[in-house]
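We're numbering straight along the sequence, starting at 1.
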Amino acid sequence: MRDLRWLARRLYPRRLRNQMIMMAILMVIIPTISIGYIVETEGRSAVLSEKEKKLSSVITLLNDALGDSFSHYPNLPREARIRALNHELAPVTERITQAFPGIGAGYYNKELDAIITYAPSALYQSNVGITITEDHPGREVMSSNLPVVYSGRQVRGDILNSMIPIERQGEVIGYIWANELTEDIRQQAWKMDVRIIAVLVAGLICSLLLIVHFSRRLSANIDIITDGLSTLAQKTPARLPELPGELGQISHSVNALAQTLRETKTLNDLIIENAADGVIAIDRQGDVTTMNPAAEQITGYTLHELVGQSYATLFANTQFYSPVLDTLEHGTEHVAQEISFPGRERTIEISVTTSRIHNAHGELIGALVIFSDLTARKETQRRLAQTERLATLGELMAGVAHEVRNPLTAIRGYVQIIRQQTSLPEHQEYLSVVLNEIDSINKVIQQLLDFSRPRQSQWQQIQLNALIEETLILVQTAGLQARIAFTTELDPRLPPIVADRELLKQVILNILINAVQAIAARGEIRIRTWQYSASQQAVTIEDNGNGIDLAIQKKIFDPFFTTKASGTGLGLALSQRIINAHQGDIRVTSQPGCGAIFTLILPLNPQGNPSE
């Protein structure tokens with residue numbers, strides 16, 4: 001049933017002209033077909049009635065012509081008496097059936113239990129003398145003394161057979177029949193049906209032509225009105241043209257109404273349009289009815305895109321939550337609730353307040369959401385919190401590194417002395433391992449010191465593309481290039497930027513090493529630079545390695561977080577600190593098994609650098 005309703009909605013025409021044509025066609029076709037069906041049914045009944053009357057006439061003539069002939073030849077044997085009666089009555093039945101072409105008729109004698117005559121004799125003489133079966137309708141006629149009209153298969157074939165009993169002196173002595181082949185009746189009825197169908201089709205065609213002609217004239221004026229209506233809501237609307245008749249009154253009324261609406265635009269509309277906060281309204285079905293320019297700017301969607309569309313589609317297949325839909329459905333109003341919103345090009349953080357909308361009669365007509373963009377403030381808070389955490393962690397790490405490095409220096413010195421004083425190979429091997437592990441610890445301590453007390457930035461003008469090519473030389477070893485293809489797409493039009501050359505090289509090198517380590521066998525690393533904005537440049541490093549789980553992506557910049565067995569977890573944390581010092585941003589997008597993309601966004605000239 002649901003599929004049928006869906007199909008009906010799909011097939012139902014949208015344009016008024018097509019609807020009018022469809023309605024007119026149905027109004028013509030349904031009565032015409034109904035009348036045709038009635039005429040055809042009544043016609044068939046009339047044919048059958050006419051056939052029955054004709055057969056009844058034949059039977060009446062045969063009955064009158066029979067007289068008391070069945071009483072003749074009483075002393076003859078059965079076979080001889082049948083022949084004698086046939087010789088006497090056959091001319092009678094032959095003469096009567098010749099007056100009615102297609103009719104078969106005859107007499108049946110109950111006493112002799114045999115067919116006496118069957119005309120036309122040229123076709124049915126062989127049936128004379130035959131006894132009818134026990135279930136033959138003729139026996140019902142003779143036993144009930146009532147006429148019977150029977151349609152079915154009998155001696156002649158499929159026939160319409162009319163039978164009456166032969167009664168003489170209060171006794172049934174046989175029956176008379178007259179029949180006609182059903183096929184002949186069917187052919188006659190079919191010819192009548194063909195004529196009826198031809199008349200109906202001709203009438204329908206004429207009606208359809210008239211419907212199409214008049215609908216075109218009417219729809220032309222309607223199209224003028226509908227085309228003009230689309231311009232009435234514009235800032236410089238056009239008036240609907242004057243039309244004849246009732247359509248002219250409609251166009252005049254629409255023009256007057258549009259002018260009144262434009263002149264009575266309320267102060268609330270102007271306030272909403274000029275508000276700094278975004279405003280979106282939805283109706284009871286959850287479809288967007290309006291949004292102000294601030295909402296367009298914050299979300300990235302335009303009024304033309306969303307009006308008339310379901311607001312819920314913005315949240316389909318996402319993990320985001322819509323307070324205004326909750327307000328519409330359950331009546332729960334939200335005040336200054338901070339949520340994430342799926343904007344057109346990015347996820348934004350907003351503060352929303354929602355409420356239901358009621359008309360003058362108190363009836364629910366929709367819901368309203370007013371929101372402000374918190375994305376920039378949230379990002380500033382995030383960076384500030386991260387900076388504070390890193391500063392606290394840096395002070396702690398500086399103290400730890402100082403306390404650990406001094407004992408390690410003494411340990412390394414004594415191990416070297418022991419190594420010089422022993423000659424046993426196994427001792428030399430063990431002491432070498434100890435020295436290597438001490439050096440590894442010192443390396444980690446140095447990273448901790450770099451992280452806690454980054455050196456003073458040495459600002460200078462550098463070419464980002466040249467810096468990337470220098471860094472690639474450090475990574476592209478012969479063995480590595482055999483399994484990883486490095487592809488660069490560097491914008492040659494990029495101007496120089498002010499940055500710390502060595503620190504930026506350290507960041508790019510760190511990300512490239514991570515990309516190489518993410519590729520287990522063969523793969524590709526793509527590096528691209530471009531002008532991100534008028535005051536920013538961007539670098540993208542993309543690999544097709546194992547990718548990063550979504551849960552891990554939030555932690556990769558945390559100090560000491562690592563997924564490598566031998567990693568320290570300081571590389572990306574230090575890279576982020578360097579980029580933040582350059583007043584830039586570092587972003588990552590990845591799907592497990594689909595590689596990762598790291599994007600560095602750098603200002604052309606950071607504020608407050610010494611080179612200004």
Side-chain angles (χ1 to χ4, degrees), residues 47-185 188:
V47 169
L48 290 176
S49 177
E50 184 268 335
K51 294 297 181 184
E52 292 177 4
K53 290 180 180 178
K54 184 169 70 172
L55 295 177
S56 178
S57 300
V58 173
I59 290 173
T60 301
L61 292 174
L62 288 173
N63 191 32
D64 293 341
L66 176 63
D68 59 350
S69 297
F70 270 15
S71 63
H72 297 171
Y73 319 111
N75 298 323
L76 290 178
R78 178 178 181 277
E79 297 297 332
R81 189 178 178 189
I82 291 174
R83 287 194 296 271
L85 289 174
N86 177 264
H87 181 73
E88 180 183 347
L89 296 174
V92 176
T93 55
E94 192 72 25
R95 183 179 68 255
I96 292 175
T97 55
Q98 285 180 354
F100 297 90
I103 298 296
Y107 297 108
Y108 192 88
N109 190 294
K110 181 179 181 181
E111 180 185 356
L112 298 175
D113 201 14
I115 296 175
I116 302 301
T117 64
Y118 201 155
S121 58
L123 298 176
Y124 307 116
Q125 183 64 29
S126 60
N127 294 316
V128 173
I130 292 177
T131 299
I132 61 176
T133 60
E134 291 299 325
D135 58 350
H136 194 282
R139 295 198 182 278
E140 179 185 349
V141 173
M142 292 185 292
S143 63
S144 64
N145 195 21
L146 295 173
V148 172
V149 177
Y150 175 80
S151 177
R153 189 166 187 83
Q154 294 182 356
V155 177
R156 187 182 179 189
D158 286 332
I159 57 174
L160 176 66
N161 198 7
S162 181
M163 298 166 282
I164 64 170
I166 303 173
E167 184 181 359
R168 296 293 185 270
Q169 297 178 357
E171 181 183 358
V172 176
I173 61 174
Y175 74 92
I176 304 171
W177 76 86
N179 58 46
E180 186 172 0
L181 290 174
T182 305
E183 182 62 26
D184 294 341
I185 299 174
Q188 185 175 351

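In this structure a side-chain-to-backbone donor-acceptor pair under 3.5 Å is present from T131 to D113. Not a single donor-acceptor pair under 3.5 Å links the side chain of E167 to the backbone N or O of N145.
We find the CD-CZ distance between E111 and F70 to be 10.0 Å, quoted to the nearest 0.5 Å. Between I166 atom CD1 and I176 atom CD1 the span is 4.0 Å, to the nearest 0.5 Å. Here the NE2-OH distance, from H136 to Y175, works out to 4.0 Å after rounding to the nearest 0.5 Å. To the nearest 0.5 Å, the span separating CZ on R83 from CG on L76 amounts to 9.0 Å. With rounding to the nearest 0.5 Å, the separation of OH in Y108 from OH in Y118 is 13.0 Å.
Listed here is the closest heavy atom pair of A114 and I82: CB-CD1, 3.7 Å. Listed here is the closest heavy atom pair of S162 and V149: OG-CG2, 4.1 Å. Nearest heavy-atom pair across E94 and A119 is OE1-CB, 3.7 Å. Summarising the geometry of R139 relative to T133, their closest heavy-atom pair is NE-O, 2.9 Å, with the distance given to 0.1 Å. Shown here for P147 and P165, the closest heavy-atom pair between the two residues is N-CD, 4.0 Å. Considering all non-hydrogen atoms of both residues, P137 and M163 come closest at CB-CE, 3.5 Å.
For the side-chain contact (heavy atoms from CB on, under 4.5 Å) with N86, the qualifying choice from I115, T93, V128 is V128, the only one to do so.
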For residues 58-68, run the donor-acceptor check on the side chains, cut-off 3.5 Å, and write out each pair with its distance to 0.1 Å, sequence neighbours left out.
{"unit_1": "T60", "atom_1": "OG1", "unit_2": "S56", "atom_2": "O", "d": "2.8"}
{"unit_1": "N63", "atom_1": "OD1", "unit_2": "R168", "atom_2": "NH2", "d": "3.3"}

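Taking the side-chain contact (heavy atoms from CB on, under 4.5 Å) definition, one finds that E88 meets it with S69, H72, Y73, L85, sequence neighbours left out.
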